[in-house]
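Labels below follow one simple rule: chain letters A, B, ... track the order of the sequence lines, proteins then strands, and each chain is numbered from 1.
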There are 2 protein chains.
Amino acid sequence: MESVLGEAVALLDEAGAPALTFRALAQRLGGGVASIYWYVANKDELLDLATDHVMGGVLADLEKLPPSEDPIDDLRAMAVTLFEAVVHRPWLGAYFMRNTDVQSNSLRIYDLLGRQTLRLDLTARQRFHAVSAVVGVVVGSAVDMGQEPPQEVLDGAVDRDAFLGRFARTWRELAPEEFPFVHEIVDEFDGHDDVDQFRSALDLTLAGLRLQAGR
Amino acid sequence: MESVLGEAVALLDEAGAPALTFRALAQRLGGGVASIYWYVANKDELLDLATDHVMGGVLADLEKLPPSEDPIDDLRAMAVTLFEAVVHRPWLGAYFMRNTDVQSNSLRIYDLLGRQTLRLDLTARQRFHAVSAVVGVVVGSAVDMGQEPPQEVLDGAVDRDAFLGRFARTWRELAPEEFPFVHEIVDEFDGHDDVDQFRSALDLTLAGLRLQAGR
DNA sequence: ACCTGAACACCGTTCAAGT
DNA sequence: ACCTGAACACCGTTCAAGT
């Protein structure tokens with residue numbers, strides 16, 4: 001069982017979500033295709049379990065984080081750690097927290113994040129929404145950034161900067177009256193850092209939360 | 001071409017992403033499977049174009065929105081409109097803004113949102129990040145909410161409240177010392193409104209943005 | 001320019017049968 | 001309890017051939 005999930009994650013990490021097929025997995029395990037069905041009910045459950053397998057490691061990282069006196073700073077540090085785990089595994093975003101019956105590590109992570117909001121002066125509903133928002137920023141950013149490479153980047157034929165640059169060039173050719181905002185930000189878009197973009201989105205949410213909690 | 005995209009969207013709306021196959025689409029169009037390849041290069045492009053087809057309607061809705069004197073309120077109204085279009089079409093979240101060469105309506109929507117930030121005292125980079133954050137909240141929330149129903153809900157065998165209630169029951173049985181946050185919010189989670197959750201996440205981001213823009 | 005049938009190489013899943 | 005080969009019903013995509 002352990003090795004099934006280990007190989008599944010390895011396959012996903014090496015070549016992305018489409019690479020995880022029962023046939024490829026069986027071959028790496030040196031067994032038959034149908035054997036996997038003794039461990040998991042179907043592919044969805046395989047992905048759920050693979051996700052939770054990875055989350056076990058993330059949970060350990062999160063627990064190692066030193067607490068500070070500011071719950072919002074702690075929440076930020078945890079969100080960044082979670083992001084770093086998810087961003088290189090875009091397949092994960094779609095499954096994280098999808099089925100907490102099967103994903104016990106994911107639920108523990110959710111609880112760990114949420115505990116920081118218990119230190120803030122908020123209603124239960126505000127706490128629930130705050131953690132949903134933070135998880136949303138993490139998963140949303142990571143999935144968005146992970147799906148970006150359209151094949152050529154994965155192949156190494158075109159690097160990310162060249163990929164962004166090609167869009168930037170097209171955007172610069174648009175009529176400025178029709179696309180004033182695109183022109184305003186095209187230089188920022190060109191060669192932008194994904195982590196910066198994530199941190200900004202996270203900081204906006206956390207600034208809003210700080211305001212709401214009155215501190 | 002128009003009818004290819006129309007039927008593709010109809011298929012997606014009626015039965016979700018897995019229902020869109022070239023064979024099903026060809027049957028509805030009363031033609032052969034291979035014919036579709038005269039209009040689109042592959043399935044990814046079909047999804048890109050179907051997304052932009054829908055976005056044409058959303059763009060029209062956005063342009064009808066009455067402007068106010070507060071750019072952040074306008075941004076909120078636009079985000080809500082976009083959300084309402086995406087939430088019932090979760091397949092869309094994965095494709096929106098994915099390839100702006102093919103998705104001209106999506107790019108127009110992006111520009112329309114961004115124009116509101118031009119009315120705020122921000123740097124170009126802050127504007128770029130702000131719009132990314134808002135789009136992230138919309139798409140992230142919508143995808144998260146859209147993927148929720150695990151089949152039984154779609155079948156109508158179990159409604160959403162019962163589905164949430166089943167998780168809530170499991171959560172209530174967890175040890176409170178181990179999952180203090182889960183216990184804190186389980187009543188909020190049980191039967192919660194997706195739209196509330198989205199609006200809260202959006203409001204946190206916009207509150208942070210308002211602070212950043214100094215108004 | 002537009003459409004087609006038939007084939008190809010793949011999927012996830014099942015099932016009767018083995019140890 | 002654990003594994004298997006072979007089959008089933010599907011996919012996206014291609015291609016030579018038609019109008």
(request) Please work out whether the ring planes of Phe163(B) and Phe167(B) are parallel, tilted or perpendicular, with thresholds of 30° and 60°. (result) perpendicular
(message) Both Gly31(B) and Phe22(A) contact DNA chain C. Taking the nearest nucleotide for each, which residue is further toward the 5' end?
(response) Gly31(B)
(message) If you assign each of Pro18(A) and Ala34(B) to its closest nucleotide in DNA chain C, which residue comes earlier from the 5' end?
(response)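 Result: Ala34(B).
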Checking all strands, does [X] fall into the base, sugar-phosphate, or nothing category for heavy-atom contacts under 4.0 angstrom?
X        : result
Leu46(B) : nothing
Ser35(A) : base
Leu20(B) : sugar-phosphate

(request) Nearest-nucleotide wise, let me know which of Val33(B) and Ile36(A) is further upstream toward the 5' end of DNA chain D. (result)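 Between the two, 5'-proximity favours Ile36(A).
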(request) Quick one: closest heavy-atom pair of Leu204(A) and Ala130(B), and the distance? (result) CD1-CA, 4.2 Å
(message) Can a donor-acceptor pair be found, under 3.5 Å and without considering hydrogens, that links the side chain of Thr100(A) to the backbone of Met97(A)?
(response)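 No, because the side chain of Thr100(A) does not come within donor-acceptor range (under 3.5 Å) of the backbone of Met97(A).
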(message) If we ignore hydrogens and angles and just use 3.5 Å, is the side chain of Gln197(A) paired with the main-chain N or O of Ser141(A) as donor and acceptor?
(response) no
(request) Using chain A heavy atoms and a threshold of under 4.0 Å, write down where along DNA chain C the contacts begin and end, 5' to 3'. (result)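 So the contact region on DNA chain C extends dC11(C) to dC15(C).
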(request) Output every pair passing ring-ring contact (aromatic ring centres under 6.0 Å, His included) with a member in residues 26-63 of chain A, not counting sequence neighbours, ordered by first then second residue. (result)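 Qualifying pairs, neighbours excluded: Phe22(A)-Tyr37(A).
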(request) Please list, chain by chain and in numerical order, all residues satisfying salt bridge (Lys or Arg N to Asp or Glu O under 4.0 Å) with Asp187(B), sequence neighbours excluded. (result)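 Only Arg172(B) meet the salt bridge (Lys or Arg N to Asp or Glu O under 4.0 Å) criterion with Asp187(B).
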(message) Once side-chain hydrogen bond (donor to acceptor under 3.5 Å, both in side chains) is applied, what residue pairs with a partner in residues 6-16 of chain B remain, sequence neighbours excluded?
(response)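 For residues 6-16 of chain B, and leaving out neighbouring residues, the side-chain hydrogen bond (donor to acceptor under 3.5 Å, both in side chains) pairs sorted by first residue read Glu7(B)-Arg28(B), Asp13(B)-Arg89(B), Glu14(B)-Arg28(B).
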(message) Going by the rule side chain to side chain contact (heavy atoms under 4.5 Å, CB included), which residues pair with Ala124(A) if we only count those two or more places apart in sequence or in a different chain?
(response) Glu184(B), Glu188(B)
(message) Take N1-N3 plus N6-O4 or O6-N4 for Watson-Crick, N1-O2 plus O6-N3 for G-U, both under 3.5 Å. Which runs of 3 or more such pairs involve DNA chain C?
(response)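 Stems (3+ consecutive pairs) listed as C:4-8 with D:12-16, C:12-16 with D:4-8.
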